[in-house]
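Given the structure is predicted, the values throughout are model-derived calculations rather than measurements. All values below come from the heavy atoms of this structure, side chains included, with hydrogens, waters and symmetry mates left out.
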Amino acid sequence: MGEHPKRIDCDVLVVGGGINGAGIARDAAGRGLRVVLCEKDDLAQHTSSASSKLIHGGLRYLEQYEFGLVRKALAEREVLLKSAPHIMHPLRFVMPQRSGGASPREERLGSLQGERPAWMIRAGLFLYDHLARRDFLPASSSIDLRADPAGAALQRRFARAFVYSDAWVDDARLVVLAAVDARERGATILTRTRCSALRREAARWTAALAGPKGELTVQARCVVNAAGPWAARFLQEAVGGRMAGVRPLRLVKGSHIVVPRLFEHGQAYLLQQPDGRIVFALPYEGAFTLVGTTDVEYTGDLDRVAISAAETLYLCEAANRCFERRIGREDVVWSYAGVRPLIADTGGGMPAAGSASSASRDYRLETDTDGAPLLSVFGGKVTTFRKLAEQAVDWIAPALGRRVPGWTSHACLPGGDLFGKEPDARGVLEFDAWLRTRQQQYAWLAPALLARYARAYGTRLGTLLAHCRTRADLGAEVVPGLFEVELDYLRRQEWALCADDVLWRRTKLGLHVPPGAAALVDSWLQGREAAHASARAAAPAATRAVPGPGSTNPA
């Protein structure tokens, strides 16, 4: 009470705790820069946890001639898989093709209500297989759906399909692990902390941050605007928007629904729609299927993004055109929506009209050296976050007089070092073998629970269970499948402060727990935080450190 605001001096202040902000903080900290990242909500609370959960090259972007983006994303796909094989895994995609009823001319022109002709798909998949080096993912092929398990769930009019490779990712955990890595390399990560004001001078920025522990002043030599959908607003409100040549953002909402499982196997589907779009149907959390996504222009409140009734209907109809089992609004057990900040094609300074689904998913880095350096990130996708971060810090580091090469292309994310610190295809191809050795080590743990822990934490499993020898050592089961030892780990190590952080971002247990579970998790977290706050208050003043590079939040 009455104390002066705390102050941190750093090299780089990153504003925004989505995938791009976390990735830049990680890369910069790994190059020896003093980094502070602030996020007004939870890590990955918005766009970065509302993706289709894919690491992919973007097969459909070939239709828009974005060969450079696809090549970049395909190369990153394998780099990322090797860096975090616990939260990512290869996934085969089935693209059904209708049979019969089409003349040769219709087949050539692809006039079957938005369905691409077979020759076009073959050509696209050939490019997809060869635009970038493929070390361990299988090439595309075609299958007879009447003889393949993938055909069992589909309507009988589908007789053949093309199959190709991409990958699955737990998007929210990817963000958290990048932030953990940044912290372990010296960065300060401040969640629930808003950048309320910025003042620029010739050689430094002074930022006012407001968080759960009060005000904080940060003096930084460089600021990174990684605010995602808020990036343009942040420029305007915090620094006056004085950057020439910045392309406007096109805000596009993508929504997904989760329904009871529509198929039994572990492959995914790419479903072509009459409007020319494609919709994914993905195996999700064992008992469910994830269907998405939509592309809708968005002008509403960025803090209150939700799926609309029309989007729900669109996704149900997309699935019903292809699967035997029909679904409706009553089958949706969960839905989520996020706003993607896409780079608008400009004409006369205004966003171009046209399909939202055709807007580029590439990114653009805008720099401003009219005073202390400022870098703003516009656009981007989960798959290319590491490359984006590397290019951003390639500019930041020399601007601050530090010429250190990038390092993340040959580094594992926390928990990804299944077979050593250097990324290795073994981690991707032999995850199940690695898990079997953990099952021998933790024979007292239920196999399903151990498998979830292994997928979420990888080699950090040893840290999570460091003091556990029996099931009783896990502590109380606060809600089904969630024990005190994990809750405390998420609170101390991964910035989890409320039930949504735990049940929907750090885990997906929200789909599996009964009504009322969130209140129990909130109560437990609040009780544990209150106990630690009391302990901190009772500690001698000399032991209470001011946050600095390397600190975590909360304590």
Side-chain angles (χ1 to χ4, degrees), residues 19-20 23-24 27 51-85 88-93 95 116 119-141 162-169 171 174 178 247 250 252 268 270 276-278 280 293 295 340-345 355 357-366 377-395 405-411 413 423 425 428:
I19 187 58
N20 291 330
I24 291 170
D27 191 305
S51 77
S52 295
K53 323 298 182 193
L54 298 178
I55 296 293
H56 66 133
L59 179 61
R60 68 187 178 90
Y61 306 149
L62 292 175
E63 292 181 310
Q64 293 142 28
Y65 308 107
E66 292 206 58
F67 301 116
L69 172 61
V70 174
R71 181 184 293 108
K72 180 166 53 181
L74 287 172
E76 284 298 291
R77 182 182 63 183
E78 299 211 359
V79 172
L80 293 183
L81 274 167
K82 290 187 284 188
S83 74
M88 306 182 195
H89 60 81
L91 186 61
R92 291 288 271 176
F93 285 77
M95 188 189 307
R116 286 80 172 164
W119 67 264
M120 181 184 292
I121 295 174
R122 289 192 191 96
L125 289 175
F126 179 84
L127 281 173
Y128 207 65
D129 284 342
H130 294 90
L131 273 174
R133 176 176 172 175
R134 204 168 20 84
D135 289 332
F136 51 83
L137 293 176
S140 59
S141 62
F162 294 96
V163 185
Y164 69 96
S165 295
D166 265 321
W168 165 270
V169 64
D171 52 5
L174 179 63
R247 294 192 202 179
R250 189 171 187 176
V252 175
L270 186 151
R277 295 196 69 253
I278 57 95
F280 295 113
T293 179
D295 277 311
R340 299 185 288 265
L342 306 181
I343 302 171
D345 295 324
S355 169
S357 63
S358 67
S360 176
R361 267 57 175 176
D362 210 347
Y363 58 82
R364 184 178 177 89
L365 304 178
E366 297 284 355
V377 179
F378 298 101
K381 58 203 293 281
V382 172
T383 306
T384 52
F385 93 93
R386 188 209 64 82
K387 191 66 176 177
L388 180 156
E390 183 177 70
Q391 291 177 354
V393 185
D394 280 348
W395 180 83
W407 58 277
T408 57
S409 63
H410 299 289
L413 282 155
V428 181

4.5 Å side-chain heavy-atom contact, [X] and [Y]:
{"X": "Phe162", "Y": "Leu270", "answer": "no"}
{"X": "Asp27", "Y": "Trp407", "answer": "yes"}
{"X": "Met88", "Y": "Leu174", "answer": "yes"}
{"X": "Met95", "Y": "Leu59", "answer": "yes"}
{"X": "Thr293", "Y": "Arg340", "answer": "yes"}
{"X": "Val169", "Y": "Leu54", "answer": "no"}

Looking at [X] and [Y], would you say the former's side chain and the latter's main chain have a donor-acceptor pair under 3.5 Å?
{"X": "Ser165", "Y": "Pro138", "result": "yes"}
{"X": "Tyr128", "Y": "Gly58", "result": "yes"}
{"X": "Thr383", "Y": "His56", "result": "yes"}
{"X": "Asp129", "Y": "Ser140", "result": "yes"}

Distance (rounded to the nearest 0.5 Å) between [X] [atom1] and [Y] [atom2]:
{"X": "Glu78", "Y": "Leu80", "atom1": "CD", "atom2": "CG", "result": "10.5 Å"}
{"X": "Ile278", "Y": "Arg116", "atom1": "CD1", "atom2": "CZ", "result": "7.5 Å"}
{"X": "Phe378", "Y": "Arg364", "atom1": "CZ", "atom2": "CZ", "result": "9.0 Å"}
{"X": "Arg92", "Y": "Leu137", "atom1": "CZ", "atom2": "CG", "result": "8.5 Å"}

Is it possible for you to check whether Lys381 lies under 6.0 Å from the centre of the six-membered ring of Tyr61, through NZ or CZ, and within 45° of that ring's axis?
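Geometry flag: not set, cation outside 6.0 Å or 45°.
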
Specify the closest pair of heavy atoms between [X] and [Y], including all atoms of both residues, with the distance to one decimal.
{"X": "Leu91", "Y": "Ala268", "result": "CD2-CB, 3.8 Å"}
{"X": "Leu81", "Y": "Pro90", "result": "CD2-N, 4.0 Å"}
{"X": "Gly124", "Y": "Leu62", "result": "O-CD1, 3.4 Å"}
{"X": "Pro85", "Y": "Ser83", "result": "CD-C, 3.7 Å"}
{"X": "Ala75", "Y": "Ala132", "result": "N-CB, 3.8 Å"}
{"X": "Val393", "Y": "Ile24", "result": "CG2-O, 3.9 Å"}

Any salt bridge linking Asp135 with Arg133? Criterion: basic side-chain nitrogen under 4.0 Å from a carboxylate oxygen.
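A salt bridge links Asp135 with Arg133.
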
For Glu390, side-chain hydrogen bond (donor to acceptor under 3.5 Å, both in side chains) partners two or more places apart
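Listed in chain order: Arg386, Lys387.
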
Take atom CZ of Phe126 as the centre, draw a 6.0 Å sphere, and report whether it contains more than 12 heavy atoms from other residues, nucleotides or ligands.
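For Phe126, atom CZ is not crowded (no more than 12 foreign heavy atoms under 6.0 Å).
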
Aromatic rings Phe280 and Phe93: how do their planes relate, parallel, tilted or perpendicular, breaks at 30° and 60°?
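Ring orientation, 0 to 90° scale: perpendicular.
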
Run through Val382, Asp166, Asp171, Thr384 and flag the one making a side chain to side chain contact (heavy atoms under 4.5 Å, CB included) with Ile55.
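Of the listed options, the one satisfying the test is Val382.
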
